[in-house]
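Worksheet: one structure, shown below.
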Amino acid sequence: MLVVTKFGGSSLADAKQFKKVKDIVLSKNNRQVVVVSAMGKRNKDDNKLTDLLFLLHAHIMYSIPFDSVFLMIKNRFLEVKNELGLKYDIETELEELRKQFNKSMPVDFLVSRGEYYTGKLMAEYLGFKFIDAKDLITFHYNGTIDNETTEMKIKDAYHQGDKIIIPGFYGSYPNGEIKLLARGGSDITGSIVAKALNVKLYENWTDVSGILMADPKIISNPKRINEITYDELRELSYMGANVLHEETVFPVQEMNIPINILNTNDASNPGTIITKNCTDTSQIITGISGKKNFASFTIIKENTANKTSIMKKTLEIFESHNVHVEHIPSSIDSFSVIVSMNEVQKMQYDIIAELKKIPEIIDVNIDYDLALVAVVGRNMVNQAGISGKIFALVGNEGISIKMIAQGSQELAIIFGVSNQQMEDAIRVVYQNMVV
Ligand code: ASP
């Protein structure tokens, strides 16, 4: 059964990585549809091709000499071409492209060339047919993806037995003009293709062996998550764990196609499976993540006042300032509005002034020192005492819990602590709850 196999930038960074990709693709017959990002970093001080292309565009726009940036980009391609002995005449194509440089060259077109040329080189190397994403991924003029047309085009372009490669990260408007997806969007291209072809599995090859149960900057050597549901992943990603682009799961989730996160540099590692129904019950919690710098506005109302109506008025104030509300824990005469500090910084005093104008509000208390920790786990549902255990662990560590909320479908327990204590809170939960 067919799979879609997507490789991220670090899996394509140089000729050595290209070889690993070829070994992986050719090692299984069903890897017939490949999606690629643009060449990524070869080491941590290196540049991603996509970043260099954005830089090149800025040079052209502001009439800054661009020869050195252009050469850096060209050399990345030529190194791979020459080391692998490929024939594709990328030199002429790049010269043609260079002749078109002028201030009106659209940034999306120029930046998309990262995926386009990486895909062309890989197509020759694998012996696969290159299909330009501009002929598949179609956008409405309002910038959203036209799912129906896109799906139809992908289905039309693929014939059983074909071996094809599609560059990620871009598509086009109906008039053919190129449009980029969000940064990291090749993941989304892969997911869209997987859905359209209704494949058995979406393989997402990257440079980590799956998703970890906690941030390795906080926990040394955290365990790998074997299996995670789409919804759990969403809870974890929302709180800062990022392996995949956030929107990647939506297309495949609709069709119930699992995603396997795999490591190009450790190809035999089974990685993490993201799917609808997980069977692994070896851990109570699936993962823990945390995010700093939230603010909590606690609204205290008159005893007799109608909470629903005050909540409505309060939320309208946040909405009118375009501030996204993260959580609203509430008690009988008060409720808190939790927002990201970044979003609210500029207009916080206006918001407070407007809140204080609501007659039934007695007081507004603001806590600017809030980090949120999310303990995520499908196996916690219906298990008595888990949240009690978590809060006791955190409390015994001398960390005070400032707020408690629950994620969707009881999949996550979310609590707030001071920014400075976030790492300790994550550590104590991980050390005592992960077996
Ligand atoms: N190359 C693009 C980026 O760096 C897209 C991707 O890698 O998914 O954001």
Side-chain angles (χ1 to χ4, degrees), residues 4-14 17-18 20-21 24 33-58 69 72-77 80 90 94 97 106-123 130-134 136-137 139 143 145 150 154 165-172 178-195 202-208 211 233 237 241-252 259-265 271 274:
V4 165
T5 309
K6 183 257 166 183
F7 292 93
S10 55
S11 305
L12 301 150
D14 56 18
Q17 295 301 87
F18 265 56
K20 291 183 192 169
V21 167
I24 291 167
V33 180
V34 173
V35 174
V36 287
S37 295
M39 295 174 177
K41 295 183 181 190
R42 291 162 291 190
N43 53 62
K44 78 175 188 336
D45 303 318
D46 198 15
N47 295 301
K48 287 183 174 186
L49 212 54
T50 304
D51 292 326
L52 290 175
L53 286 160
F54 272 114
L55 192 66
L56 174 62
H57 186 264
V69 191
M72 276 164 95
I73 294 169
K74 184 172 166 181
N75 284 342
R76 294 290 305 265
F77 292 126
V80 169
I90 192 163
L94 286 171
L97 178 72
V107 61
D108 284 29
F109 168 72
L110 184 58
V111 173
S112 73
R113 298 305 84 186
E115 269 69 11
Y116 178 85
Y117 294 123
T118 305
K120 284 263 182 168
L121 290 168
M122 186 55 89
F130 177 87
I131 301 186
D132 195 344
K134 98 176 194 322
L136 303 177
I137 311 291
F139 287 89
I145 293 178
T150 299
I154 296 170
I165 179 160
I166 302 166
F169 189 41
Y170 70 91
S172 69
I178 298 264
K179 162 139 179 66
L180 294 178
L181 286 126
R183 287 303 303 263
S186 300
D187 283 340
I188 305 173
T189 308
S191 184
I192 292 172
V193 174
K195 179 189 171 201
Y202 171 25
E203 294 183 328
N204 192 293
W205 292 82
T206 166
D207 54 4
V208 289
I211 305 172
L233 180 70
S237 321
N242 52 14
V243 182
L244 273 182
H245 188 286
E246 258 214 286
E247 286 162 38
T248 309
V249 291
F250 300 134
V252 284
I259 309 174
N260 193 359
I261 309 286
L262 292 152
N263 188 351
T264 303
N265 306 316
I274 307 160

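For ligands, and for the atoms within them, numbers begin at 1 and follow the listed sequence. All values reported here derive from a predicted model rather than from experimental measurement.
Here's the thing with Ser186: one of its N/O atoms is less than 3.5 angstrom from an N/O atom of ligand 1.
For ligand 1 and Ser37, the ligand atoms under 4.0 Å from any heavy atom of the residue are 6 (C), 7 (O), 8 (O). Every atom of ligand 1 is numbered from 1 in the order shown, and the set under 4.0 Å from a heavy atom of Arg183 is 3 (C), 4 (O), 9 (O). Of all the atoms in ligand 1, the ones that sit under 4.0 Å from a non-hydrogen atom of Phe169 are 2 (C), 5 (C). Distances below 4.0 Å separate heavy atoms of Glu115 from the following atoms of ligand 1: 1 (N), 2 (C), 5 (C), 6 (C). The contact set between ligand 1 and Gly184, taken as ligand atoms under 4.0 Å from a residue heavy atom, comprises 3 (C), 5 (C), 6 (C), 8 (O), 9 (O).
By the 6.0 Å contact criterion, NZ on Lys195 is enclosed, its count of non-hydrogen atoms from other residues, nucleotides or ligands being greater than 12.
Of the heavy atoms in His245, none comes closer than 4.0 Å to ligand 1.
If you take CG on Leu262 and OG1 on Thr5, they are separated by 9.0 Å, rounding to the nearest 0.5 Å. Of the inter-residue distances, the one linking Tyr117 atom OH with Leu53 atom CG reads 9.5 Å to the nearest 0.5 angstrom.
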Run the ring-ring contact (aromatic ring centres under 6.0 Å, His included) test on Tyr170 and Phe109 for me, step by step, so that the C-alpha distance in whole Å, both residues' side-chain angles and the decisive distance to 0.1 Å come before the verdict. CA-CA 9 Å; Tyr170 70 91; Phe109 168 72; 9.0 Å; no
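Taking 4.0 Å as the cut-off, Gly185 counts as a neighbour of ligand 1 on heavy-atom distance.
No option in Arg42, Lys41, Met72 other than Met72 meets the side-chain contact (heavy atoms from CB on, under 4.5 Å) test with Asn47.
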